[in-house]
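Report on the structure given below.
Chain letters run A, B, ... following the sequence lines, proteins first, then strands; residues in each count from 1. Bear in mind that the values here come from a model prediction, so they are computed numbers and not experimental data.
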Amino acid sequence: MPPPKKILCVAEKNSISKAVAEHLSGGHFQTGNTGNQYIKNYTFTFDFGPPWGNCQVVMTSVSGHLTAVKFDDEYERSWDNPPPEALFDAPVQVKVEDDKLPISNNIKNNARGAHALFIWTDCDREGEHIGGEVRTEALKGNPTLEIRRARFSNIERAHIIHAAKHPVNLDERQVLSVAVRIELDLRIGYAFTRHLTNSLRPLGGPLSVRPDGGRRVISFGLCQFPTLGFVVDRYFRVKNFVPEPFWSIKVTHRRDDINVVFNWKRVRLFDRAVVVILFERCIAAKTAKVIKVQEKPTSKWKPLPLTTVELQKNASRFLRMNSHEAMAAAEVLYQKGFISYPRTETDRFDPGMNLRALVEKQTQDNRWGTFAQNLVNGAFKQPRQGRHDDKAHPPIHPVAYCAPANLRDKEKRVYEFITRRFLACCSDDAKGQATDVDIQYADEVFSAHGVVVLARNYLDVYPYENWTNSVTLPKFTLDEVFEPTEAMLTEGKTSASSYLTEPDLIALMDANGIGTDATMAEHINTIKQREYVYTRPKGGGGRGNHAPAPARGAREGRGARAGRGGQGRGGGATGAGGGGGVEEFIPSTLGVALVDGYDKMGHEISLSKPFLRKEMELKMKDICEGRLAGDVMLRESLKQYKRVFDLSKEQLNVLKASCRRYVLNNGA
DNA sequence: GCAAGGTC
């Protein structure tokens with residue numbers, strides 16, 4: 001009998017390699033240290049079936065990307081020479097970063113004497129590229145390795161064992177598409193950042209030195225710039241808003257001690273004379289007639305399984321912490337083994353997952369234990385299935401019970417939210433009975449809406465939501481005629497939207513493909529640190545000392561110009577629940593100057609809008625699906641961005657003018 | 001001193 005083959009398995013992070021080792025070995029593995037404190041080597045035997053059979057396995061991991069792309073040294077010494085545009089075609093090298101060398105050595109050493117490398121990185125695009133990096137290092141240790149890849153989308157035991165026995169090949173197209181993205185982000189980001197910093201510094205003042213005395217870096221990146229653009233765009237929409245008066249008719253009727261409000265079907269009109277005429281006709285008619293009574297069951301849907309973006313938005317709304325703080329707390333909870341991986345886009349649970357077992361772990365809690373016990377006793381419902389699946393991680397959920405005393409304040413709040421959200425997902429929708437009553441009053445139609453909540457269900461464990469406007473209506477009968485208690489002509493003004501809050505900003509980034517679940521909070525942090533934006537408590541009227549001068553010709557009350565944001569009739573939904581800790585984003589004068597300057601240069605595609613990043617995303621997809629070659633994308637995108645760069649250089653005076661106007665407050 | 005993406 002031949003000796004067992006040796007197989008080296010490498011995952012993207014230690015938590016996955018440990019979980020896989022536990023499943024494949026049935027819990028019988030040995031743990032060895034590596035040169036990295038977070039990464040362990042797990043050794044065990046496993047029968048992969050044909051052709052490898054029973055094998056000696058070393059299971060280890062990397063810690064995200066192993067390598068970084070770097071410019072040659074001569075491009076790192078100075079920001080002027082060679083000039084920034086040289087970075088568009090300067091030579092680059094892929095290097096293992098110094099702090100990753102122990103990880104690389106661990107892989108090389110264990111590759112020696114191994115028959116095969118089995119890659120277990122996350123099954124998303126970046127994971128595929130990390131798998132490619134692992135392969136490169138392993139082959140340095142042993143050029144004859146057979147290379148296979150596990151395809152898995154969760155770490156359930158049966159799923160992992162199936163993945164181990166049905167390996168596939170690395171997807172070269174995905175690997176390549178990420179390599180292209182990395183190189184483009186590097187060349188473009190560095191070239192623009194150096195050029196911006198070099199050319200604005202001579203203007204002096206805050207463009208040269210930071211308030212803390214450090215030298216100013218004016219950075220540019222394809223994610224941070226559109227993020228700034230969202231903030232500036234909303235800022236001008238608010239500043240340039242011109243309120244418009246409107247008029248409406250409100251009918252109320254008192255019956256059975258309930259004041260019923262009937263809302264006008266036309267909602268409101270912007271012409272007073274017309275509303276007055278319609279209102280007078282109602283008064284003249286004296287009586288109204290019930291033309292529709294409809295009762296029907298209704299429900300308020302339970303929330304979707306939790307993604308990172310949702311966690312971040314809700315943290316700001318309900319937990320009084322920003323996305324950065326929420327992710328830090330989630331990271332701790334994950335490290336301690338209380339919650340699943342906190343960076344995920346998936347809002348559907350794999351049907352094979354044993355959710356009941358996870359619910360059962362929560363029955364001991366004195367806040368939601370009874371609710372969980374109810375689910376265990378039969379009220380359990382399979383969660384809704386969202387439309388997103390990153391094929392790498394399940395939705396965020398509690399994996400072990402944690403008593404509140406064991407956590408710091410922020411971690412406690414995040415754990416509570418994640419757990420309540422999970423239990424809500426495993427519960428039933430709230431059920432109610434809706435009543436709609438329409439009346440005709442002269443020629444106008446008005447309607448009243450009522451809801452009686454019959455079963456709160458998930459709302460009992462999820463205090464972050466309520467069923468608002470759940471009012472009971474008194475009895476109305478079809479064709480009945482009555483004299484309304486009161487009819488009023490009301491007057492109002494459209495109001496401006498508020499400044500962007502963090503949930504708004506994250507929602508915009510998410511919808512426009514700016515950043516990933518793991519990086520959105522970082523981009524927001526970056527534009528704060530660069531002093532392009534600052535935050536303040538929502539509704540705190542005081543202006544920060546960075547507030548820019550109002551846009552020329554758009555000063556409130558001075559002219560009818562609505563500005564580029566449009567009129568936003570009725571105001572924007574900010575969704576900022578109870579105020580409290582919600583912060584709003586205001587651009588600094590520098591942030592406004594950058595966006596204003598670039599927008600006025602006349603670029604074909606605006607740099608402060610998300611289009612360019614979206615285009616990159618689409619081209620990466622083309623590469624993955626075989627419609628576009630990687631080297632073609634790289635070459636053409638570089639050409640395109642070089643043109644943008646050349647135009648920016650040519651039009652530098654436009655940007656400088658914006659900086660003088662907004663930042664230095666002089667000149668036109 | 002500079003990007004965006006992984007992860008601790």
Please report the C-alpha distance between A:Glu502 and A:Lys313 in whole Å, then the side-chain angles of each, then the deciding distance to 0.1 Å, and finally whether the salt bridge (charged side-chain N to carboxylate O under 4.0 Å, His left out) criterion is met. CA-CA 7 Å; A:Glu502 194 166 37; A:Lys313 289 198 278 189; over 6 Å; no
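- Reading DNA chain B from its 5' end, the first and the last nucleotide to sit under 4.0 Å from a heavy atom of chain A are B:dG1 to B:dC8.
- Counting any heavy atom pair closer than 4.0 Å across all strands shown, A:Gly127 reaches no nucleic acid atom.
- Contacts of A:Glu522 classified as side-chain hydrogen bond (donor to acceptor under 3.5 Å, both in side chains), with partners at least two apart in sequence or in another chain: none.
- Residue pairs meeting the salt bridge (Lys or Arg N to Asp or Glu O under 4.0 Å) criterion with at least one partner in residues 7-17 of chain A, sequence neighbours excluded, are A:Lys13-A:Asp122.
- Note on A:Phe192: nothing from the nucleic acid sits closer than 4.0 angstrom, heavy atoms only.
- Considering only residues two or more places apart in sequence or on other chains, A:Tyr75 meets the ring pair (Phe, Tyr, Trp, His ring centres under 6.0 Å) condition with none of them.
- Using a 4.0 Å heavy-atom distance criterion, A:Tyr341 is classed as a sugar-phosphate-only contact.
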Secondary structure of DNA chain B in dot-bracket form (Watson-Crick or G-U wobble, distances below 3.5 Å, | marking inter-strand pairs): ........
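- Against DNA chain B, the stretch residues 61-80 of chain A makes heavy-atom approaches under 4.0 Å through A:Ser63, A:Gly64, A:His65, A:Glu76, A:Trp79.
- At a threshold of 4.0 angstrom between heavy atoms, the contacts of A:Arg210 with the nucleic acid are absent.
- Within 4.0 Å of A:His523, counting heavy atoms only, lie sugar-phosphate atoms of the nucleic acid but no base atom.
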